[in-house]
J.: 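What follows is a structure written as structure tokens; I'll ask about it next.
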There are 2 protein chains.
Amino acid sequence: MAAQQEVQNGGGAEKVADVVSFTAVKPQLFVEAPKANDAVQFYKTAFGAEEVSRTVHPKRKAEQELPLVLSAELKLAGFTILVSDLADDSDDPAKSTGSGGVVLCLETQEVDAAVKKALAAGAVAEGETVEGDSACCGGRVGKVKDPYGYVWLICSPANKSVDVEA
Amino acid sequence: MAAQQEVQNGGGAEKVADVVSFTAVKPQLFVEAPKANDAVQFYKTAFGAEEVSRTVHPKRKAEQELPLVLSAELKLAGFTILVSDLADDSDDPAKSTGSGGVVLCLETQEVDAAVKKALAAGAVAEGETVEGDSACCGGRVGKVKDPYGYVWLICSPANKSVDVEA
């Protein structure tokens with residue numbers, strides 16, 4: 001039996017500085033393209049996940065029978081999981097992650113401040129912070145790799161009002 | 001700009017059967033031992049995560065300066081992230097995952113039914129469902145690998161009343 005302890009979060013100096021607040025943490029699971037559609041179905045059947053929305057890659061839509069899934073958003077126990085096709089020729093963040101498939105999306109209204117704080121703490125930037133849709137969010141998107149190999153997408157919340165009929 | 005669509009979750013037959021409800025989804029990040037302690041500090045500094053509790057490996061406590069972290073529970077934006085040391089000689093679930101470090105913990109009061117349902121959907125059992133503490137939960141713990149290589153721990157909620165002073 002393992003010993004368990006409550007941990008004090010040393011309130012004080014370190015929290016006084018630039019406080020960035022996050023609104024959500026969403027694990028994004030990449031699967032070999034074009035299996036994301038199957039994976040979504042599996043998580044629905046196996047775990048009772050509910051698909052909330054799906055974003056597909058528009059350039060692939062005409063060429064392929066099954067459009068590549070940029071991001072399918074699933075709800076499970078009030079939590080969000082994203083499932084995405086990992087395309088060979090894409091710049092999917094999972095390709096550069098030591099986690100080999102999982103990327104952690106952090107939503108915040110303060111993308112630049114959050115990226116700056118992460119870099120100051122020892123994360124490494126993966127490219128520039130840019131405007132544009134990412135697989136999990138909208139608006140500004142930054143990408144950092146932490147010292148332990150995990151990739152975090154730091155981005156403003158997805159604009160859910162831009163829903164388009166398939 | 002990607003096309004986005006709202007998705008209907010075909011209510012009906014598939015949901016009538018055995019409904020298992022989950023209470024939480026917690027990504028568990030494994031890092032090379034003994035760096036979990038550093039990783040926790042990093043996530044606190046970089047993202048403002050708060051450490052809620054920590055479970056250490058009792059057998060290592062006397063031998064090593066830094067006890068192995070079985071699981072440190074961090075709160076971030078109301079979500080939970082677990083950070084664990086991945087020991088070479090352990091049976092950590094991350095060792096068998098295609099996700100190379102991330103395991104997804106699903107909390108439920110109905111562990112056996114949930115495991116059964118996942119297996120019926122196409123997941124593969126990783127060992128037996130057993131009683132005992134796992135890194136992320138307490139009580140019964142089952143482990144399955146989905147068809148896309150991701151490992152899910154299905155377990156009853158951690159018994160938070162067993163807090164012990166370090």
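Letters A, B, ... are given to chains in the order of the sequence lines, protein chains preceding strands, and every chain is numbered from 1.
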J.: Out of A/G78, A/A114, A/P147, return the one with the most heavy atom pairs under 4.5 angstrom to chain B.
T.: A/P147
J.: Check A/V25 against B/L76 and note the closest heavy-atom contact, atom names and distance.
T.: CG2-O, 3.5 Å
J.: Please determine, among A/A39, A/A123, A/A120, the option with the most heavy-atom pairs under 4.5 Å with chain B.
T.: A/A39
J.: Under the side-chain contact (heavy atoms from CB on, under 4.5 Å) rule, collect the residues that match up with A/S21, sequence neighbours excluded.
T.: A/E110
J.: Mind listing the closest non-hydrogen atom pair of A/T23 and B/A77 along with its distance?
T.: C-CB, 3.9 Å
J.: If every non-hydrogen atom of B/V31 is compared with every non-hydrogen atom of A/Y150, which pair is closest and at what distance?
T.: CG1-CE1, 4.0 Å
J.: Can you measure from NZ (A/K26) to CZ (B/F79) and round to the nearest 0.5 angstrom?
T.: 7.5 Å
J.: For the residue pair B/A46 and A/A118, what are the closest heavy atoms and their distance?
T.: CB-CA, 3.9 Å
J.: My understanding is that only residues two or more places apart in sequence, or in another chain, count here; which of them pass salt bridge (Lys or Arg N to Asp or Glu O under 4.0 Å) with A/D112?
T.: A/R140
J.: Which region of A/L119, side chain (C-beta onward) or backbone (N, CA, C, O), has a non-hydrogen atom less than 4.5 Å from a non-hydrogen atom of chain B, or is it both or neither?
T.: neither
J.: A/L29 vs B/L104, test: side chain to side chain contact (heavy atoms under 4.5 Å, CB included). Steps then yes/no.
T.: CA-CA 10 Å; A/L29 313 185; B/L104 295 143; 3.8 Å; yes
J.: Angle class for the B/F22/A/F47 ring planes (parallel below 30°, perpendicular above 60°, tilted otherwise)?
T.: perpendicular
J.: Should B/V69 and B/V103 be regarded as members of a common hydrophobic cluster, given that ILVMFWY residues are connected when their side-chain heavy atoms come within less than 4.5 Å of each other, either directly or indirectly?
T.: no
J.: Hey, can you tell me if A/Y43 and B/W152 have their rings parallel, tilted or perpendicular (30° and 60° cut-offs)?
T.: tilted
